[in-house]
Amino acid sequence: MPELPEVETVRSSLDPVLRGRTFARVEIHDERLTRPFAPEAVARQLEGARVESVERRGKYLLFRFDGGRTLLVHLRMTGSFHSRANDPYARATVTLDDGTNLVYRDVRRFGTWLVVEPHEVAPYLEARLGLEPLERGFGPAALTARLAGRRAPVKAALLDQRTVAGMGNIYADEALWRARIHPLRPARELAADEVRRLHRGVRRALEVGLARQGATLRDYAQPDGRRGSMQLEFRVYGREGEPCPRCGTPIEKTRTAGRGTWYCPTCQRL
DNA sequence: CTTTTTCCCTGGACGC
DNA sequence: TGCGTCCAGGGAAAAA
């Protein structure tokens, strides 16, 4: 499930390949992808557009074209890019002006493609996303402000993209373990030093994920087919019953905000 | 306003 | 082998 490190890895693979290339032909095979807009209309908007850069904000990929028009791609659960032929799960195919193909694959069809005009890009993203956790503006004070007054479990608050852009289920659990904070703690009850630990935990977990080029569990892969190795670094995620790497206590599993949640009952006290 | 629940999707794992 | 059930979960939308 692509979260910030996975999406950033995809971005860094695509950017050098697509920069300066033109979308010569665009075929969208699944009407769900562009809903509520007609696939043909979206394809037509994209044909002839020249890529200025591929950027990322939260879990969104931004294909910026000359003039500022932007394609926002969200991979959701199983979206990925590759260039292989004959993929039964191909939902869109872009032929570039150098003749190569860029295939968008999405088994579960949760992913979305949205074309937005230049002046709409920032408002669309700012309405949905909080700070970029790896950028300068994201400090302990900013995190404190985002958690203040929220009685929801801190894990639920972390999954809210307006709290920390790009966090997902895996990195939220890993960050909370690093911070030694129980996922069900009400967000507003965290003490100042706990928020500082959480801030560090968020950054560390994401940085390790980036260094490992993401986690490949089921579907995620880079455009060239390489897999991430972050799954080898998990401290708690998916490790129910296995010993906590810090204290040896068996990892427990619960549910938060409808998501599987793994934690160490000794290191992360309620 | 905030928080919780439901829904969308499919393949894989599992029990019988 | 085959069938039914559950699970994975990001985010929009509805419900509380």
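So you know, we letter chains A, B, ... as the sequences are listed, proteins then strands, and number each from 1.
Ion pair A:Asp160/A:Arg150 flagged as a salt bridge, since at least one NZ, NE, NH1 or NH2 atom sits closer than 4.0 Å to an Asp/Glu carboxylate oxygen. No salt bridge links A:Arg32 with A:Asp30; every basic N to acidic carboxylate O contact stays at or beyond 4.0 Å.
Atom CG of A:Leu4 is separated from atom P of C:dG10 by 13 Å (rounded to the nearest Å). Between A:Asp160 atom CG and B:dC1 atom P there is a gap of 14 Å when expressed in whole angstrom units. Taking atom CD of residue A:Glu31 and atom P of nucleotide B:dC9, one finds them 9 Å apart after rounding to whole Å. In this structure, CZ of A:Arg239 is placed 19 Å from C1' of C:dA8, rounded to the nearest angstrom. Rounded to whole Å, atom P of B:dC1 lies 16 Å from atom CZ of A:Arg151. One can place CZ of A:Arg57 at 16 Å from C1' of C:dG10, the figure rounded to the nearest angstrom. Between A:Leu184 atom CG and B:dT3 atom P the separation is 14 Å, expressed in whole Å. Per the geometry, CZ belonging to A:Arg128 stands 10 Å off C1' belonging to C:dG11, to the nearest Å.
Aromatic pair A:His74/A:Phe110: centroids not less than 6.0 angstrom apart. Checked against the 6.0 Å centroid criterion, the rings of A:Phe23 and A:Phe65 qualify as a close aromatic pair.
When the side-chain nitrogen and oxygen atoms of A:Lys253 are compared with OP1 and OP2 of C:dA8, one or more of them lie within a distance under 4.0 Å. For A:Arg150 and B:dT3, the shortest distance from a side-chain N or O to OP1 or OP2 is below 4.0 Å. Between A:Tyr171 and C:dG9 there is no side-chain N or O to OP1 or OP2 distance below 4.0 Å. Contact annotation: A:Arg76 does not reach the phosphate of C:dG9 (side-chain N/O to OP1 or OP2, under 4.0 Å). Contact check, A:His74 against C:dG10: no side-chain N or O comes under 4.0 Å of OP1 or OP2. A sub-4.0 Å separation between OP1 or OP2 of C:dA8 and a side-chain N or O of A:Arg255 is present. When the side-chain nitrogen and oxygen atoms of A:Gln161 are compared with OP1 and OP2 of C:dG10, none of them lie within a distance under 4.0 Å. For A:Tyr89, no side-chain nitrogen or oxygen approaches OP1 or OP2 of B:dC9 to under 4.0 Å.
Residue A:Asn169 has its side chain nearest to C:dG9 when only C:dA8, C:dG9, B:dT10 are considered. Nearest nucleotide to the side chain of A:Lys59, out of C:dG10, B:dC9, B:dG11: C:dG10. For A:Arg109, taking side-chain heavy atoms from C-beta onward, the closest of the listed nucleotides B:dC9, B:dT4, C:dG10 is B:dC9.
Taking a centre distance below 5.5 Å and an interplanar angle below 30 degrees as the stacking criterion, A:Phe110 does not stack against the six-membered base ring of C:dG11.
Remark: A:Arg235 fails to qualify as a cation-pi partner of A:Trp262 under the 6.0 Å distance and 45° angle criteria applied to the six-membered ring. A cation-pi geometry, defined here as NZ or CZ lying under 6.0 Å from the six-membered ring centre and within 45° of its normal, holds between A:Arg128 and A:Tyr124.
Residue side chain A:Arg162 does not reach the base of C:dG10 through any donor-acceptor N/O pair under 3.5 Å, judged by distance alone. A donor-acceptor contact under 3.5 Å links the side chain of A:Arg108 to the base of C:dG9.
Note on A:Gly258: nothing from the nucleic acid sits closer than 4.0 angstrom, heavy atoms only.
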